Amino acid sequence: MKAAMSVEIINKPGQLPAFWNRSIIFFANIQSIFFDNQGGLERLKQRVSGVETYGGRLIPIINLMFSGDKNLLVLERPPDQTLLHYFEDDLGLSIPDIAILSHSAYNDLPNQIDKSIHTEKSAELTLIQQHSASWIDGFVSDKVLMKIAKSLYKPTISSMEGSKKGNNKFLLHNNLSEKGFPVFDTILASSLNDIPACIATLRNKGYKKAVVKSQIGASGIGITSLPTVPDGPISIPEHFFFEGPCMVQGWLDETVKNVRHMGSPSIQMFLDERTLSLYDITEQILNKDCVHEGNLSPPLYFSKNDWVFKELFRQATASGSWLHEQGYRGTASVDFLVVEHCGNIEVRVCEINARITGATYPSIIARHFLPHDAWLMRNIRFAKPLKDRSLLKILDQAGYLFRPGMQEGVLPINLNLNDDSNVQKGQFLFLAKNVDDCILILEQMESILPFSWHYDSD
């Protein structure tokens with residue numbers, strides 16, 4: 001089947017697409033995902049502890065996504081060595097070359113490359129400059145990444161315009177609305193002063209809650225919910241308006257008459273020059289503030305080929321085709337809300353994320369080892385920091401640590417280390433034939449570990 005601009009649609013949920021036959025220098029520039037919006041970045045660092053360690057989630061998947069001769073992954077913090085040995089020795093995964101560069105050093109890298117002709121080079125700079133990989137990529141293609149690519153005389157996977165436009169919730173909303181897809185009731189607010197009137201309009205439509213969305217946001221940054229009957233002064237951070245007007249939208253849940261929330265699915269996709277591949281469907285696990293804490297696949301409230309399934313992929317195809325038109329290339333996801341309204345099921349796109357997301361890692365790893373089976377990923381914070389070897393040893397001795405050939409088990413994707421190199425948080429993948437068994441393994445893991453934890457935002 002064909003979509004706009006002759007992009008070919010490949011719809012094979014549960015099966016990995018043919019990723020890039022390219023070699024890459026990938027910068028884990030997760031602190032650039034708000035582009036130049038420093039207010040959004042500061043809020044991210046306040047809300048998500050250890051954000052500089054999140055690039056470690058890329059280690060097991062980079063060589064699955066880029067099958068060229070040799071890849072280089074540039075992280076902000078050194079990875080966990082025990083986990084590296086697990087990836088290579090136990091899982092049989094190849095891992096990329098690794099360089100360490102702080103976010104501030106990343107921002108200054110174009111200057112360092114230009115100066116290196118006349119000054120002594122660091123080991124990291126030498127590795128980056130002399131690496132044989134042919135392409136450049138990152139979480140987003142920001143100004144710094146484009147300058148690095150120009151200095152190294154290497155092309156980027158995605159253009160900066162495609163990366164930035166592709167992450168813009170407002171542009172996608174407009175496109176879907178113009179094409180007649182169901183969208184949320186939306187009113188624009190150019191400043192904080194506009195928001196009370198927007199909320200009053202939504203209150204008159206029967207909404208008890210509204211959500212204010214900035215045009216570009218991530219990890220719960222740039223989105224906040226408000227009661228439509230304010231109980232005090234309304235306060236919205238100035239960084240919400242960095243890209244222009246915010247969207248103020250009606251919040252659809254059980255507070256609206258005759259509405260029942262069913263789920264928050266997400267479809268994983270991959271875009272190259274000619275194709276849009278829809279390769280997995282997941283359910284987002286959200287906290288009370290609707291911030292991502294994990295994913296599972298497949299969602300439990302519909303089955304393949306029923307109406308919800310088909311509608312999700314119809315809207316994902318339209319959203320992904322729009323994303324392709326913007327010039328974005330790489331992995332992405334489309335997030336949805338599914339509700340029952342007056343007895344009818346309704347599906348709406350919430351947003352698109354044009355980057356590697358919190359669901360990309362577990363999806364690629366799960367589909368690599370056990371295509372078409374179930375998986376569950378949870379972001380877990382431990383009550384007390386612990387040694388990585390102790391954690392993996394306990395899982396291994398209990399028979400839960402996943403290895404190829406097993407039909408179920410626990411696969412640690414990334415361990416977030418503190419300054420003492422102890423594990424304070426981790427992203428864990430639970431694999432099994434069905435979701436219920438994945439949940440059972442999670443519960444069993446909790447029973448065998450001699451320390452407490454809680455689920456954390458991603």
Side-chain angles (χ1 to χ4, degrees), residues 1 8-20 57 60-65 67 87 90-94 262-272 275-285 294-317 320 331-336 338 347 356-378 399-413 427-445:
M1 133 173 124
E8 180 186 359
I9 309 301
I10 301 176
N11 186 345
K12 293 183 178 180
Q15 181 177 323
L16 290 180
F19 287 120
W20 299 114
R57 300 179 296 180
I61 67 168
I62 283 294
N63 286 1
L64 296 176
M65 293 175 56
S67 59
F87 292 150
D90 295 301
L91 294 182
L93 295 171
S94 67
M262 295 182 65
S264 302
S266 177
I267 290 183
Q268 310 308 307
M269 55 179 58
F270 171 71
L271 302 87
D272 63 17
T275 61
L276 165 65
S277 297
L278 310 176
Y279 67 87
D280 208 357
I281 182 165
T282 82
E283 177 69 15
Q284 299 179 86
I285 301 171
N295 288 77
L296 61 82
S297 179
L300 299 175
Y301 49 93
F302 58 84
S303 58
K304 188 175 182 179
N305 293 325
D306 70 11
W307 182 86
V308 175
F309 183 92
K310 292 178 180 178
E311 181 64 9
L312 287 167
F313 279 91
R314 183 180 79 93
Q315 295 191 28
T317 297
T331 60
S333 66
V334 184
D335 299 339
F336 296 86
V338 179
V347 175
I356 291 177
T357 72
T360 307
Y361 318 91
S363 176
I364 289 177
I365 296 171
R367 298 312 177 200
H368 172 71
F369 286 111
L370 296 174
H372 305 291
D373 283 359
W375 60 265
L376 166 68
M377 192 282 288
R378 293 308 311 249
Y400 289 114
L401 188 64
F402 183 83
R403 289 184 173 85
M406 295 173 61
Q407 296 304 305
E408 61 181 37
V410 182
L411 194 160
I413 298 175
Q427 292 79 54
F428 294 85
L429 176 61
F430 303 86
L431 299 166
K433 282 293 182 184
N434 56 66
V435 171
D436 286 341
D437 286 345
C438 292
I439 295 171
L440 179 60
I441 296 170
L442 170 60
E443 293 171 349
Q444 291 170 337
M445 172 176 150

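Given the structure is predicted, the values throughout are model-derived calculations rather than measurements.
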Determine the minimum heavy-atom distance between [X] and [Y], stating which atoms define it.
| X | Y | value |
| --- | --- | --- |
| W375 | D280 | NE1-OD2, 3.2 Å |
| V435 | P298 | CG2-O, 3.5 Å |
| C438 | F430 | SG-O, 3.4 Å |
| Q268 | S363 | CG-OG, 4.2 Å |
| F309 | S303 | CB-O, 3.5 Å |
| M269 | V334 | CE-CG2, 3.3 Å |

[X] side chain near [Y] side chain, heavy-atom distance below 4.5 Å:
| X | Y | result |
| --- | --- | --- |
| L16 | S277 | no |
| L91 | P404 | yes |
| L93 | N63 | no |
| L312 | P265 | yes |
| V308 | F336 | no |
| M377 | T282 | no |

Report the distance from atom [atom1] of [X] to atom [atom2] of [Y], rounding to the nearest 0.5 Å.
| X | Y | atom1 | atom2 | answer |
| --- | --- | --- | --- | --- |
| L376 | D436 | CG | CG | 11.0 Å |
| N295 | I281 | CG | CD1 | 11.5 Å |
| I61 | I364 | CD1 | CD1 | 4.5 Å |
| M65 | I356 | CE | CD1 | 4.0 Å |
| L64 | Y361 | CG | OH | 13.5 Å |
| R378 | L442 | CZ | CG | 7.0 Å |

Criterion side-chain contact (heavy atoms from CB on, under 4.5 Å) on F302 and V338, from CA distance to verdict:
CA-CA 11 Å; F302 58 84; V338 179; 5.6 Å; no

Show the numbers, then the answer: is there a side-chain contact (heavy atoms from CB on, under 4.5 Å) between K433 and E408?
CA-CA 7 Å; K433 282 293 182 184; E408 61 181 37; over 6 Å; no

Would you say [X]'s side chain and [Y]'s backbone share a donor-acceptor pair under 3.5 angstrom?
| X | Y | answer |
| --- | --- | --- |
| Q284 | D335 | no |
| E283 | S264 | yes |
| R367 | D373 | yes |

Residue pairs passing the salt bridge (charged side-chain N to carboxylate O under 4.0 Å, His left out) test where at least one lies in residues 294-311, sequence neighbours excluded:
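For residues 294-311: E311-R314.
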
List in chain and number order the residues that pass side chain to side chain contact (heavy atoms under 4.5 Å, CB included) with D272, two or more places apart in sequence or in another chain; answer none if no residue qualifies.
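D272: side chain to side chain contact (heavy atoms under 4.5 Å, CB included) contacts with W20, F270, R274, T275.
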
Checking side-chain polar atoms at under 3.5 Å, does Q444 have a donor or acceptor matched by the opposite partner on Y400?
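There is such a pair (donor and acceptor under 3.5 Å, judged by atom type) between the side chains of Q444 and Y400.
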
